[in-house]
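Let me begin by presenting the structure, written as structure tokens, before commenting on it.
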Amino acid sequence: MATEEVQKHSVHTLVFRSLKRTHDMFLSDQGNTPEKDKKSDKVRAAVKVHDEYGPVKEAAARESQAKQRLVAGGGDGNAVNQAGEGADSNRIDSVFPINEGVRGDSSSRALVAVNIGQQQMLVPKKAQTMPKPHWHPPWKLYRVISGHIGWVRCLAVEPGNEWFCSGAGDRVIKIWDLASGTLKLTLTGHVSTVRGVAVSARQPYLFSCGEDKMVKCWDLEQNKTIRHYHGHLSACYALALHPTIDILTTCGRDGTVRIWDVRTKACVHTLTGHTNTVADVKCQAPEPQVISGSHDCTVRLWDLAMGRTRVTLTNHKKSVRAVAIHPVQYSFASGSPDNIKQWKFPDGNFMQNLSGHNSIVNSLACNSDGVLVSAADNGSMYFWDWRTGYNFQRIQAAVQPGSIHSEAGIFTLQFDQSGSRLITGETDKTIKIYKEDETATEETHPINWRPDIYRKKKY
């Protein structure tokens, strides 16, 4: 007797058939909702009543017991309200009686305790209003510096605040005098776009990185390269120096953040975890010492000693291209096309959204006066009050004569050490310097603000 061959099906077909059988099984019962459990409904209603009106009911019960004790002891039931101002206050106190125990109970979120004379009552809590923003003078353009023949991609100000350096698509690093805007020095050595520069406050060194995968250390006394840091597998997009330790942090298109020993050139840590290009990295002395933003839409706070992620912030919906640490407060901001978000260290607790800059945010900068600036691909700059998230000024960068309108993008922002000058690097190959308008006052440039009900902080 010949055995019949079993027809072979692909896994996809078998899974599909199984799904169809399951679907047919439950199709007839699809519109029927589960039966209501009366006991569960009763419990739910009781919990809700207790949560909302529990303190009021408890206070009323205590009031009733006190009156009964007074009546039983031969006193007058109205003696509880002796301190009242008359019939009206007696009526208020009898509707919402309250005592010390209720005042300390925070379980009722809708009601708050208020003193009226010597009486106390519960009243509905007022909606929280947005605090009034601090007034900041508007910023204005006062200098345009031309010299690069490529997009200006990165900037760094020297700790002494006498000069600053810029890196561009023309593969050179230029050093400029901050006061006069004149060119002091040009450093050549990179073979592709320079994407990051940083000046050391501890040694006479300048560090740079670029799309050629090179990370270089320049000796500013000899004006030449003295060290190379090899390890990145693809373009290097940003770098940051640690303020108290001799280490350098770099990040790039290979999705890693690398920690280098400045003196020995050794790669101390390779911080892995991001699943896409790491666009920006920042360092600070307190924990977490390294913060990175990536095109995988996450911000990571790193444990430098252990060499691993401390916190991953997944709130952004789009690429995070910029991160800025507040110079005074223990907090930072991250910029993305969906929102600019503020976070609190050390655990990355969400503070608030700064909404409105609807473009690709390339860079963020913050000064000690609480002015946060965001710069975007379309040449727009938004100025924000850090505390309230109020947008007090918007500037559209003017392109250099001869440039097309599409060359209005801003790639990088940097405040000088005093926080009174803002330097931008742009796609029209210029460096622009902004300063506060000294003639502006609160009368000439009032805050266009009204105390709206505080908007809920959306994650």
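This structure is a prediction, so every number in the text was calculated from the model and none was measured.
- Here Lys140 pairs with Asp437 under the salt bridge (Lys or Arg N to Asp or Glu O under 4.0 Å) rule; sequence neighbours left out.
- Here Cys165 pairs with Ala156, Trp163, Ile173, Ile175, Val197, Val199, Leu206 under the side chain to side chain contact (heavy atoms under 4.5 Å, CB included) rule; sequence neighbours left out.
- Lys432 has a carboxylate O that lies under 4.0 Å from a charged side-chain N of Asp428, or vice versa, which qualifies the two as a salt bridge.
- The backbone N or O of Ser292 lies less than 3.5 Å from no partner atom in the side chain of Asp280, so there is not a single donor-acceptor pair.
- A distance of 10.5 Å separates CD1 in Ile245 from CG in Asp261, rounded to the nearest 0.5 Å.
- The shortest distance between side-chain heavy atoms of Ile247 and Trp260 does not fall below 4.5 Å.
- Formation of a donor-acceptor pair under 3.5 Å by the Thr441 side chain with backbone atoms of Thr444 is found in this model.
- Contacts of Cys366 classified as side chain to side chain contact (heavy atoms under 4.5 Å, CB included), with partners at least two apart in sequence or in another chain: His326, Pro327, Leu372, Trp386.
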**Request:** Check the pair Leu422 / Met381 against side-chain contact (heavy atoms from CB on, under 4.5 Å), numbers first and verdict last.
**Result:** CA-CA 11 Å; Leu422 177 66; Met381 271 199 303; 4.1 Å; yes
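- No side-chain N or O of Ser355 forms a donor-acceptor pair with one of Asn353 less than 3.5 Å apart.
- Residues that satisfy the salt bridge (Lys or Arg N to Asp or Glu O under 4.0 Å) test with Glu287, not counting sequence neighbours, are Arg310.
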**Residue pair Asp377, Asn362: steps toward the side-chain contact (heavy atoms from CB on, under 4.5 Å) verdict** = CA-CA 7 Å; Asp377 244 11; Asn362 281 327; 2.6 Å; yes
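- Residues passing the salt bridge (Lys or Arg N to Asp or Glu O under 4.0 Å) test with Glu438 are Lys435, sequence neighbours excluded.
- For Tyr330, the ring-ring contact (aromatic ring centres under 6.0 Å, His included) partners two or more places apart in sequence, or in a different chain, are Phe345.
- In this structure the side chain of Trp139 reaches within 4.5 angstrom of the side chain of Val371, judged on heavy atoms.
- Nearest approach of Gly147 to Trp176, heavy atoms of both residues: CA-CH2, 3.9 Å.
- Contact detail for Ala440 and Pro138: the closest heavy-atom pair is CB-CD, 3.5 Å.
- Inter-residue side-chain proximity for Val299 and Phe332 is flagged as met; some heavy-atom pair is nearer than 4.5 Å.
- Put simply, the side chain of Ser294 gets close to the backbone of Thr277: a donor and an acceptor are under 3.5 Å apart.
- Relative to the six-membered ring of Tyr237, Arg321 misses at least one condition, a distance below 6.0 Å or an angle of at most 45° to the axis.
- Every residue meeting the ring-ring contact (aromatic ring centres under 6.0 Å, His included) condition with His134, not counting sequence neighbours, appears here in chain and number order: His136.
- Within the 4.5 Å cutoff, no side-chain heavy atoms of Asp416 are placed close to those of Ile433.
- Considering His148, Lys174, Gln414 in turn, His148 is the only one that fulfils the side chain to side chain donor-acceptor pair (under 3.5 Å) rule with Ser166.
- Pairs engaging residues 189-228 under the ring-ring contact (aromatic ring centres under 6.0 Å, His included) rule: His228-His230 [sequence neighbours left out].
- For Glu211, the salt bridge (Lys or Arg N to Asp or Glu O under 4.0 Å) partners are Arg195, not counting sequence neighbours.
- Minimum heavy-atom separation, Leu313 to Asp347: CD2-O, 4.5 Å.
- Ile325 approaches Cys283 most closely through the heavy-atom pair CD1-O, 3.9 Å.
- The ring-ring contact (aromatic ring centres under 6.0 Å, His included) test applied to His357 returns Tyr382, not counting sequence neighbours.
- For the residue pair Ser234 and Asp254, the shortest heavy atom distance occurs at CB-N, 4.1 Å.
- Annotation: side chain of Phe164 is in contact with side chain of Ile431 (closest heavy-atom distance under 4.5 Å).
- The shortest distance between side-chain heavy atoms of Gln342 and Leu354 falls below 4.5 Å.
- Every residue two or more places apart in sequence or in another chain that forms a side chain to side chain contact (heavy atoms under 4.5 Å, CB included) with Gln222 is listed here: Asp219, Lys224.
- Using the six-membered ring where Trp is involved, Trp343 and Phe350 have ring planes that are perpendicular, over 60° apart on the 30 and 60° scheme.
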**Prompt:** Do Tyr434 and Ile395 pass the side-chain contact (heavy atoms from CB on, under 4.5 Å) test, and can you show the C-alpha distance, the side-chain angles, and the key distance before you say yes or no?
**Reply:** CA-CA 11 Å; Tyr434 295 81; Ile395 293 178; 4.2 Å; yes
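- Side chains of Arg171 and Asp212 form no contact here, defined as non-hydrogen atoms less than 4.5 Å apart.
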**Prompt:** Between Cys154 and Val194, does a side-chain contact (heavy atoms from CB on, under 4.5 Å) hold up when you go through it step by step?
**Reply:** CA-CA 7 Å; Cys154 52; Val194 182; 4.1 Å; yes
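- When all heavy atoms of Phe415 and Val157 are compared, the closest pair comes out as O-CG2, 3.7 Å.
- Judged by distance alone, with hydrogens and angles left aside, the side-chain atoms of His316 form no donor-acceptor pair with the main-chain N or O of Lys318 at under 3.5 Å.
- Side-chain contact between Val191 and Met214 is present, with heavy atoms from C-beta onward closer than 4.5 Å.
- For Lys265, the side chain to side chain contact (heavy atoms under 4.5 Å, CB included) test picks out Arg227, Tyr229, with sequence neighbours left out.
- The distance from the NE2 atom of His274 to the CZ atom of Arg300 is 5.5 Å, given to the nearest 0.5 Å.
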